[in-house]
Amino acid sequence: MSNSDVDKCPKQPLPEYAFIGRSNVGKSSLINMLTSRKSLAKTSGRPGKTQLINHFLINSNWFLVDLPGYGYARVSKSSKKIFQKFITNYFEQRQQLVCAFVLIDIRHKPQPIDLEFMQYLGEKEIPFSIIFTKADKLKPKAIQRHVEDYCNNLLQYWEELPLHFITSSSKTIGREEILQFIGDTNEEIEAMRNNV
Ligand code: GDP
């Protein structure tokens, strides 16, 4: 299901996981890798890329949510206007959201727009994890160094580091770890529901 109105998102009370990041970070490729589909999510090269909230039902028990990429939108620190309103509505109103995955190109130094977005999630108390993308573009030692530098930078703003995953869609790296995390989290949610 695709739309730009949080009230029209699927009504099923299933846990959902949102994927978001700067345009071109590799989000569509990652979603296609996770779901083992060639073109479930549209990749950047394609014309008519939509700016919508896209819900994909996975194994009938959770939703993968593909959100529009940011980076072209103007960011104003004072107003904290990172996205169009429908995206902030999604984050602030969607009860089913379990975790936002913030995608970061592993090659790049921390960018203000990403840090500001994580800050926004923190302020709204929305759990998030980081997914580093395009790890195949770096050698193993450089991967380690870049991730360490990134985490050290985050520690200037955060007391605790979010969980992070290292991925490559072209080399299928990190797929099992992310799916395992989602599967384990879904089981915990299910167990909590059954105990109530
Ligand atoms: P999106 O705009 O965030 O959805 O990004 P895309 O998935 O469309 O990818 C943007 C560009 O990065 C495309 O040219 C992809 O082929 C490339 N890309 C995406 N993931 C990877 C990856 O894991 N490794 C490499 N080397 N290139 C990637």
Side-chain angles (χ1 to χ4, degrees), residues 1-4 9 16-58 62-75 82-84 86-88 90-91 97 99-121 126 128-151 162-182:
M1 184 186 275
S2 298
N3 64 70
S4 61
C9 285
E16 65 189 46
Y17 299 80
F19 291 76
I20 190 158
R22 292 163 66 108
S23 305
N24 231 31
V25 70
K27 177 170 56 72
S28 308
S29 306
L30 181 91
I31 290 172
N32 292 336
M33 171 185 82
L34 289 176
T35 55
S36 298
R37 301 288 179 96
K38 279 207 178 77
S39 56
L40 190 63
K42 294 180 174 65
T43 47
S44 303
R46 299 193 180 189
K49 203 178 170 207
T50 48
Q51 289 287 300
L52 294 170
I53 303 170
N54 298 302
H55 276 76
F56 299 110
L57 179 60
I58 312 288
W62 62 279
F63 279 111
L64 184 159
V65 183
D66 179 11
L67 294 172
Y70 53 81
Y72 295 133
R74 269 221 314 253
V75 179
I82 301 181
F83 307 107
Q84 294 113 309
F86 76 90
I87 302 295
T88 49
Y90 171 81
F91 280 115
L97 178 64
C99 176
F101 288 108
V102 180
L103 274 60
I104 303 288
D105 188 321
I106 199 162
R107 297 168 297 173
H108 299 159
K109 291 206 154 45
Q111 307 283 314
I113 193 168
D114 296 318
L115 297 175
E116 213 174 294
F117 176 57
M118 289 185 236
Q119 186 79 32
Y120 162 80
L121 292 175
I126 297 162
F128 69 91
S129 303
I130 293 178
I131 295 182
F132 291 103
T133 62
K134 309 190 188 182
D136 59 285
K137 298 245 189 194
L138 295 178
K139 297 212 161 70
K141 276 222 167 91
I143 291 177
Q144 210 185 333
R145 200 180 65 242
H146 279 236
V147 170
E148 261 175 39
D149 286 353
Y150 205 97
C151 289
L163 207 57
H164 69 259
F165 299 90
I166 295 168
T167 68
S168 159
S169 302
S170 39
K171 294 268 161 69
T172 315
I173 295 170
R175 183 177 185 272
E176 290 312 313
E177 288 82 353
I178 293 171
L179 293 179
Q180 183 82 46
F181 167 73
I182 292 172

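One-based numbering, in listed order, for ligands and for the atoms of each.
At under 3.5 Å, not a single nitrogen or oxygen of Ser23, backbone or side chain, sits near a nitrogen or oxygen of ligand 1. For the pair Val25 and ligand 1, the shortest N or O to N or O distance falls below 3.5 Å.
Within ligand 1, counting atoms from 1 as listed, the ones closer than 4.0 Å to a heavy atom of Ser28 are 1 (P), 4 (O), 7 (O). The atoms of ligand 1 that sit less than 4.0 Å from any heavy atom of Ser168 are 23 (O). Heavy-atom contacts of Ser29 reach the following atoms of ligand 1: 6 (P), 7 (O), 9 (O), 19 (C), 20 (N) (cutoff under 4.0 Å).
The only member of Leu103, Asp114, Val147, Ile104 that meets side chain to side chain contact (heavy atoms under 4.5 Å, CB included) when paired with Ile130 is Ile104.
Under the 4.0 angstrom criterion for non-hydrogen atoms, Thr133 is not in contact with ligand 1. Residue Gly69 places no heavy atom under 4.0 Å from ligand 1.
Not a single donor-acceptor pair under 3.5 Å links the side chain of Asp105 to the backbone N or O of Val25. Gln111 contributes a side-chain N or O that, together with a main-chain N or O of Lys109, makes up a donor-acceptor pair within less than 3.5 Å.
Looking at Asn54 and Ser2, their side chains do bring a donor and an acceptor atom within 3.5 Å of each other.
Of the listed options Arg107, Lys137, Lys134, Lys134 places a heavy atom closest to atom 12 (O) of ligand 1.
A distance of 6.0 Å or more separates the ring centres of Phe128 and Phe117.
Using cut-offs of 30° and 60° for the angle between ring planes, the His55 and Tyr90 rings count as perpendicular.
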